[in-house]
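Notes follow once the structure below has been shown.
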Amino acid sequence: MRSLLSDLISQRLTGLSDTPTGTLNKRVYQALQQAIFDGSIAPGSRLPASRDLAKELDISRNTVLAAYDQLQAEGYIQTRSGSGTFVTSDLPEDGVITDKTARYFAPVRSHVVLSERGTRLLTRTGVASQQWGAFMPGVPDVTKFPHEIWRKLQNRLSRRLHPEFLTYSRHGGCPQLQHALADYLRVARSVDCTADQILITTGTHQALDLLAKMLCDPGDTAWIEEPSYWGIRNVLTINGVDIQPVPVDDSGMAPPENMPENSLNNPVPKLICVTPSHHYPLGSVMSLARRQKILAMASELGSWIVEDDYDSEFRYSGSPIPALQGLSSDAPVIYIGTFSKTLYPAMRISYMVLPRPLASRLKIAHSELYRGGNGLTQLTLAEFIREGHYAAHIRKMRLIYGKRRNTLTRMIEQELGPEYLCEDSNAGLHLILSLPDSIDDVALSAELEQLKILTRPLSAYYLRPAPRRGLLLGYGCVPEEEIETAFGHIVECLRRRLFSAGTTEP
Ligand SMILES: Cc1ncc(COP(=O)(O)O)c(C=O)c1O
């Protein structure tokens, strides 16, 4: 049987067969060099013995030896006596060792032309390169996930798994999960729903992508909160939806006083995207009056309200805030929930509760566009909820996060003063450290990143010039005992900047 490497080299040799550069020695050399260069053969990996590779490629051993010699002379590979030939482990990141290599590959690189919308997306990226550590916002403590319980459930279920669960998903996801979720949402979130309204998606981003594609045409308008989650902006924009920022105050999104008349300058929104139970990122709760106003507006204008209920399970004081969706029957509300915060983000399971007239249409569209899968994970999750483990995990995590939040709040008050704490509704996985106007939150956040302290600048969440500065500090993934030291770095950098800006030291 041929090795994977010889399959790869043989395919590359075919690709190089019409290059005028000639000899087989040179083509084998080029094929190997290219594969090392583009990472197909990883740094540090072992190459087959020349005799074996020659046999598998059906070429002479001298040809392989000549290619290996050339690669060794150029520093791509190294021979260790007694152990074999290895790809150099500390190749430069771009793989460029000689001018010759750069010339060889340059034409391919310069031909990358992205679409206009793709290019625009890359100028507004939001994903942080590191996702774990103090004070990464929006990330829960994934180390507390009850793997043992999950494993037992999954083992049990996989023993008598119907083949259907391992095929493409239809009907909007695993029916057991749809039922478990409907029962949970009615009680825990006051969502008015039955299982047939639930569509399981691979994260909130996919849910929004489907809504943008199925409910909006390019050029249609969506209202989004100002400030708002960057993911919503990116998904809508790449689908050609024109996003209109609507200011948020202490009562949530504040839509215009008068109904917009549909005109070129003032188009009626197809979607109104809100986080009413816990505004992201400021943390306010949408008041009842605002909820009623937005519901009335949406009904009048024929818009869909998209309710992103991403972390409402974590509220540390007061009574739970019911979902907007349950406020009136037949409300034009699409409710989105996710397991990214309650369990862990890499699970990539979220869901939509769809108004009945939309449900079957969007389920068909979902399987046409994304196919769907994860049957066993969804089934395990259904059982995890049904047996009460989900509610127990939330209860446990609520206590842990509540303590972490208190510790961080106390540190801010002690070290900087209460004016540095942004008023919010005591919920979620992050809080906002308010900063004076003299402090550039983007620069401060970048400086902290150099010290491996992960924060997000508040101003980056605004589409228009930000009226205030701050840092989003996630406490979900920071053990209590690490909060003080990590926060100390923030205080140090901030004091230095306040001093340079001539602002009174806190
Ligand atoms: C407001 C808001 N909605 C949705 C999400 C993403 O959810 P998901 O992981 O389900 O895509 C996030 C993630 O941080 C968020 O902050």
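Indexing begins at 1, ligand by ligand and atom by atom, following the structure's order.
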For a distance cut-off of 3.5 Å, show me each N or O of ligand 1 paired with any protein N or O, plus the separation.
unit_1   : atom_1 : unit_2 : atom_2 : d
ligand 1 : 3 (N)  : D308   : OD2    : 2.5
ligand 1 : 7 (O)  : T204   : OG1    : 3.1
ligand 1 : 9 (O)  : S340   : OG     : 2.6
ligand 1 : 9 (O)  : R348   : NH1    : 2.9
ligand 1 : 10 (O) : T204   : N      : 2.9
ligand 1 : 10 (O) : T204   : OG1    : 2.7
ligand 1 : 10 (O) : T338   : OG1    : 2.7
ligand 1 : 10 (O) : S340   : OG     : 3.4
ligand 1 : 11 (O) : T204   : N      : 3.0
ligand 1 : 11 (O) : R348   : NH2    : 3.0
ligand 1 : 14 (O) : K341   : NZ     : 2.7

Next item on the list: For residues Y229 and H205, establish whether the separation of their ring centroids is below 6.0 Å.
Entry: yes
Check: Does R410 pair with E413 as a salt bridge, N-O distance under 4.0 Å?
Finding: no
Check: Among D192, I294, L295, which residue meets the side chain to side chain contact (heavy atoms under 4.5 Å, CB included) test with L327?
Finding: L295
Margin query: F339 and ring pair (Phe, Tyr, Trp, His ring centres under 6.0 Å): which single residue from Y310, Y184, Y351 fits?
Written below: Y351
Next item on the list: Give the C-alpha distance, both sets of side-chain angles, the deciding distance and a yes or no for salt bridge (charged side-chain N to carboxylate O under 4.0 Å, His left out) between K293 and E257.
Entry: CA-CA 10 Å; K293 180 169 180 177; E257 275 310 312; 3.5 Å; yes
Next item on the list: Begin from the C-alpha positions of Y280 and H430 and carry the test ring-ring contact (aromatic ring centres under 6.0 Å, His included) through to its verdict.
Entry: CA-CA 10 Å; Y280 192 85; H430 76 269; 5.2 Å; yes
